[in-house]
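Remarks on the structure that follows.
Atom set for the values below is all heavy atoms of this structure, side chains included, hydrogens, waters and symmetry mates excluded.
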Amino acid sequence: MAMIADDIEQLIREDMPGAEVRIEDLRGDGDHYAAHVVYEGFRGKSRVQQHQMVYKSLKGRMGGELHALALQTSVPE
């Protein structure tokens, strides 16, 4: 079963309060998304660590309900 963009956004926001989150459905199939996440909690973390934080917030849904997620992460300017 595919996920909807609002569910992905909600999971990320729950785990990363105050984050700016934008989700794009890349193919319209509910399986391939891009997530743009700006979060103060990323400060001082490597890109890999930032991405791991986002994946953790999805609570095991990557590879199952969510097939592909292209990530762009950054800290607020």
Side-chain angles (χ1 to χ4, degrees):
M1 175 188 253
M3 289 187 75
I4 61 171
D6 290 342
D7 291 345
I8 298 167
E9 183 175 340
Q10 180 180 347
L11 286 168
I12 294 170
R13 287 183 189 277
E14 284 175 2
D15 208 42
M16 301 179 185
E20 295 175 35
V21 182
R22 184 169 45 93
I23 306 295
E24 296 175 57
D25 188 342
L26 298 175
R27 293 190 181 169
D29 61 4
D31 278 335
H32 299 82
Y33 289 98
H36 306 271
V37 183
V38 180
Y39 181 52
E40 182 61 39
F42 291 152
R43 193 170 302 280
K45 305 262 193 276
S46 70
R47 185 79 59 205
V48 169
Q49 290 170 319
Q50 293 173 17
H51 288 200
Q52 287 171 336
M53 290 171 68
V54 174
Y55 290 134
K56 182 180 175 210
S57 72
L58 297 173
K59 298 174 178 42
R61 289 175 173 88
M62 272 306 302
E65 293 174 63
L66 182 57
H67 178 72
L69 182 66
L71 285 176
Q72 288 188 328
T73 56
S74 61
V75 296
E77 292 184 15

Worksheet item: Rounded to the nearest 0.5 Å, how far does CE of Met3 lie from CG of Leu69?
Response: 9.5 Å

Practice prompt. Identify the heavy atoms of Tyr39 and Asp15 that sit nearest to each other, and give their distance.
Written response: OH-O, 4.4 Å

Worksheet entry | Residue pair Phe42 / Met16, side-chain heavy-atom distance below 4.5 Å | yes

Worksheet item: Between Glu20 and His36, do the side chains contain an N or O donor and an N or O acceptor separated by less than 3.5 Å?
Response: no

Discussion item. Nearest 0.5 angstrom please: Glu9 CD to Arg22 CZ, how far?
Written reply: 10.5 Å

Discussion item. Are Gln50 and Val54 packed together at the side-chain level, in the sense that at least one heavy-atom pair is separated by less than 4.5 angstrom?
Written reply: no

Worksheet item: NE2/His51 to NZ/Lys45 distance, rounded to the nearest 0.5 angstrom?
Response: 14.0 Å

Discussion item. I'd like to know if the side chain of Arg13 reaches the main chain of Val21, judged simply by a donor and an acceptor atom lying under 3.5 Å from each other, with no hydrogens or angles considered.
Written reply: yes

Discussion item. With a 4.5 Å cut-off on side-chain heavy atoms, are Lys59 and Leu11 touching?
Written reply: yes

Discussion item. To the nearest 0.5 Å, what is the distance between CD1 on Ile12 and CG on Leu71?
Written reply: 7.0 Å

Practice prompt. Work out which heavy atom in Ile23 is nearest to a heavy atom in Ala5; give both atom names and the distance.
Written response: CG2-CB, 3.7 Å

Worksheet entry | Hphob cluster co-occupancy, Met53 + Val38, side-chain heavy atoms under 4.5 angstrom | no

Fill in: Asp25 CG to His32 NE2 distance, which is reported to the nearest 0.5 Å
9.5 Å

Worksheet entry | OG-CD distance between Ser57 and Glu14, expressed to the nearest 0.5 angstrom | 9.0 Å

Response to the item:
What one should report as the nearest heavy-atom pair of Ile4 and Tyr33 is CA-OH, 3.5 Å

Worksheet item: Distance-only, no hydrogens or angles: does the Arg43 side chain make a donor-acceptor pair with backbone N or O of Val75 under 3.5 Å?
Response: no

Worksheet item: Distance-only, no hydrogens or angles: does the Gln49 side chain make a donor-acceptor pair with backbone N or O of Ser46 under 3.5 Å?
Response: yes

